[in-house]
Amino acid sequence: MWKKWSLLLVLLFALGLVLAACNGGDDEANGESGDKETEEKSEESGDSATKDEGEDTGDVEQVLNVNIKSEPPSLHPGLATDTTSGAVLDQVFEGLMRINQEGVVEPAMAAAEPEISEDLLTYTFTIRDDANWSNGDPVTAHDFEFAWKWVLDPANADTDYAYQLYVIKGAQAAKEDGGSLDEVGVKALDDKTLEVTLAQPTPYFLDLTAFYTYYPVNKAVAEANPDWALEAGDNYVSNGPFVLDTWEHKNKVVIKKNTGYWDADTVKLETINMLMVDNEDTALQMYESGDLDWVGSPTDSVPLAAIPSLKEDGSLNITALAGVYYYAFNTEAEPFNNENIRKAFALAINRQGIVENITKGEQQPAMALVPPSIWEESNEGYFADNDVETAKEYLEAGLEELGLEELPPLKLSYNTSEAHGVIAQAVQDMWSKNLGVEVELGNEEWNVYLDSMGSGNFQVGRMGWLADFNDAINFLEIFNTVGGNNYTNWEDAEYQELLAQSRTETDPAARKEVLREAEAIFMDALPIAPIYFYTNVWTAKDYVKNVEVSGLGGVQYKWGYIEK
């Protein structure tokens with residue numbers, strides 16, 4: 001039966017080369033980290049896009065053309081929660097720290113490493129003297145305090161990433177429990193000194209300060225115009241290596257070198273055109289004709305049908321990525337308010353078949369939440385892949401608990417993308433054959449899809465998560481409470497307690513055990529069906545130099561250049 005279905009996919013792929021397919025959208029990342037594979041793969045493939053062979057830009061026009069597929073939902077650092085927005089924000093803004101090309105956190109807006117108190121709770125940052133906003137204003141500690149407290153202000157309701165700031169003393173109380181913003185542990189002591197007090201020692205705090213929720217915002221500009229981030233123009237003031245030059249909604253974003261950036265001598269690219277081409281076959285054709293310089297991760301996808309030939313000619317690059325592709329169940333409505341039904345659907349998926357016959361990018365079947373690049377134990381997971389017999393037992397138990405003879409037709413939703421669509425068709429076929437359930441498919445453009453998921457207007461919906469920083473808590477905390485990035489609306493008191501306990505545990509081994517116990521609770525409840533752990537998959541022109549694709553699912557063009 002699988003072979004018959006696989007043959008159908010081959011025919012679909014062939015058809016996709018002729019007909020324009022509907023695709024696009026983003027995987028979350030949120031942000032959206034993890035190990036990188038050895039460099040041998042890049043060397044064997046002849047890839048030069050990630051190799052610095054000596055900067056010889058000469059008179060070559062320093063213009064890079066990439067595809068971000070779809071409209072960024074928000075270019076406000078405090079409101080963004082997705083990889084498309086992050087791909088732009090990471091170029092035009094900069095935090096206290098930045099993750100460099102080697103994946104190491106280093107000072108950025110901070111003049112040096114912060115002073116850290118003996119109890120590991122107080123961090124004192126000094127803002128560099130040559131840090132300026134794109135309008136010429138100096139970047140101050142007050143801008144950081146303003147930006148972080150803006151995210152934590154309950155009046156700003158759409159700040160779904162506010163929980164990233166909860167490691168700061170008083171942050172969660174201010175956002176959720178009526179606490180005073182004045183009591184939040186972030187304070188500008190003067191224009192160039194920022195003092196941050198944490199709720200408990202947090203070993204990954206410096207990594208957090210490199211993430212876009214922690215970026216500063218020009219206080220004077222934002223107070224004068226609350227809508228400053230809706231359009232390109234004089235009001236869109238940033239502090240990164242690039243500035244937002246053009247934002248043609250649903251068409252393209254153009255960023256230009258920021259000549260006032262403190263490290264402008266390092267920045268070689270003058271212009272980056274970020275096109276919004278939602279059809280992957282069209283994007284590949286543009287790449288082949290020279291209209292794009294890069295196709296694939298982290299801002300785009302390589303067409304599935306093209307992966308084998310690109311592998312064969314050595315131009316495909318694949319590296320590890322700390323991220324999980326999954327289906328979220330709406331646990332607030334029947335039938336997925338029933339744990340046994342969720343387990344039935346999760347176990348009745350042939351993940352190995354999906355990664356071998358569809359994605360073909362060396363992804364790994366996922367039977368856990370936290371990627372194996374963070375926890376090696378996730379290579380095995382919590383249940384067997386494609387365990388149809390056990391799935392049927394769970395289905396029977398669930399139907400009895402719900403008082404049903406059979407399940408009514410269900411809907412599987414996904415954001416528009418070739419890969420998402422073909423995977424959904426495969427899972428639709430599996431659930432139909434293995435569980436006898438009629439499954440309808442539905443897809444929506446990324447922004448509309450996020451609204452549908454956020455409002456609970458779905459039964460099963462595709463989602464993905466890319467690590468914001470290289471720690472298991474980043475995956476587990478998504479599901480701490482209802483709302484935000486937890487589209488399942490599942491929560492559990494014991495799970496919450498374990499996450500809280502992990503935040504005060506300073507022994508790494510003991511902390512891991514606490515988090516592993518939390519993951520076990522989550523995987524027993526299965527509010528999601530994990531499908532596979534991501535990889536970065538891309539191809540780039542040989543003349544694109546020194547652009548690294550992060551194991552966290554991001555990219556920085558600060559160090560890139562064109563050499564022809």
Side-chain angles (χ1 to χ4, degrees), residues 13-14 16-17 20-21 23-27 32 36-53 60 63-70 83-84 87 101 269 272-321 323 325 355 358-363 417-420 422 466 532 534-557 559-564:
F13 293 158
L17 294 176
N23 56 75
D26 297 79
D27 299 320
E32 358 162 113
K36 291 185 178 181
E37 287 189 4
T38 61
E39 292 186 351
E40 282 125 31
K41 182 178 295 295
S42 293
E43 290 165 357
E44 291 168 359
S45 69
D47 169 52
S48 60
T50 60
K51 298 290 184 287
D52 185 354
E53 300 170 354
V60 177
V63 177
L64 179 68
N65 299 299
V66 300
N67 183 29
I68 60 172
K69 296 183 69 172
S70 62
T83 55
T84 303
Q101 294 283 69
L269 291 170
I272 303 176
N273 297 307
M274 298 176 156
L275 307 184
M276 302 176 197
V277 181
D278 67 354
N279 185 290
E280 291 151 9
D281 290 319
T282 301
L284 182 60
Q285 291 166 10
M286 293 175 68
Y287 173 80
E288 291 169 344
S289 67
D291 294 320
L292 286 173
D293 303 312
W294 190 292
V295 166
S297 302
T299 61
D300 188 14
S301 300
V302 176
L304 297 176
I307 288 177
S309 62
L310 291 173
K311 271 187 178 180
E312 187 175 346
D313 68 21
S315 62
L316 194 71
N317 303 280
I318 301 176
T319 60
L321 173 59
Y325 185 109
V355 300
I358 301 179
T359 61
K360 298 183 182 180
E362 300 180 16
Q363 294 87 356
S417 159
E418 177 202 11
H420 301 336
V422 177
L466 306 180
Y532 61 77
Y534 282 105
T535 53
N536 287 310
V537 181
W538 81 95
T539 186
K541 299 293 186 182
D542 290 341
Y543 53 73
V544 179
K545 305 294 184 182
N546 215 31
V547 176
E548 292 280 355
V549 180
S550 166
L552 294 170
V555 66
Q556 297 190 55
Y557 300 116
W559 293 278
Y561 60 96
I562 304 297
E563 180 182 271
K564 291 184 180 179

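These numbers come from a predicted model, not from an experiment.
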- prompt: Does the side chain of Val555 reach to within under 4.5 Å of the side chain of Trp538, using non-hydrogen atoms?
  reply: no

- prompt: Does any non-hydrogen side-chain atom of Val277 lie less than 4.5 Å from one of Met286?
  reply: yes

message: Can you confirm whether Lys311 sits close enough to Ile318 that some side-chain heavy atom of one is under 4.5 Å from a side-chain heavy atom of the other?
response: yes

Shortest non-hydrogen contact between Glu418 and Pro303, atoms and distance: OE1-CA, 3.5 Å

message: According to ring-ring contact (aromatic ring centres under 6.0 Å, His included), who are the partners of Tyr532, at least two apart in sequence or on a separate chain?
response: Tyr325, Tyr534

- request: Drop me the distance from Tyr557's OH to Leu269's CG, to the nearest 0.5 angstrom.
  value: 9.5 Å

Test item: side-chain donor near acceptor, Tyr287 and Asn67, under 3.5 Å: no

- request: Compare every heavy atom of Gly553 with every heavy atom of Pro298, then report the nearest pair and how far apart it is.
  value: CB-O, 3.4 Å

task: Over all heavy atoms of both residues, which pair between Val60 and Lys564 is shortest? Give the atoms and the distance, please.
output: CG2-N, 3.8 Å

message: I need the minimum non-hydrogen distance between Thr359 and Leu304, along with the two atoms involved.
response: CA-CD2, 4.0 Å

- request: Taking the side chain as every heavy atom from C-beta outward, state whether Val544 and Leu64 have any atom pair closer than 4.5 Å.
  value: yes

Separation of Thr319 OG1 from Glu362 CD (nearest 0.5 Å): 10.0 Å

message: Side chains of Glu280 and Val302, heavy atoms from C-beta outward: is any pair under 4.5 Å?
response: no

- prompt: Does some side-chain heavy atom of Tyr543 sit less than 4.5 Å from a side-chain heavy atom of Asp293?
  reply: yes

- prompt: Under 3.5 Å, side chain of Ser315 to main-chain N/O of Thr539, donor-acceptor pair present?
  reply: no

task: Just jot down the side-chain hydrogen bond (donor to acceptor under 3.5 Å, both in side chains) partners of Ser289, sequence neighbours excluded, or say none.
output: Asp291

statement: Separation between OG1 (Thr299) and CD1 (Ile68), nearest 0.5 Å, reads 7.5 Å

message: Working to the nearest 0.5 angstrom, can you tell me the gap between Met276 CE and Asp300 CG?
response: 13.0 Å

task: Please report the closest heavy-atom contact between Ser301 and Val295, naming both atoms and the distance.
output: O-CG1, 4.1 Å

query: Roughly how far apart are Glu288 CD and Lys541 NZ, rounded to 0.5 Å?
result: 7.5 Å

- prompt: What heavy-atom pair brings Trp294 and Val549 nearest, and what distance separates the two atoms?
  reply: CZ2-CG2, 3.4 Å

- prompt: Nearest 0.5 Å, what's the CG-CG distance between Leu284 and Leu310?
  reply: 6.5 Å

field: Test item: Asn536 and Asn317 side chains (from C-beta on) under 4.5 Å apart, heavy atoms
entry: no

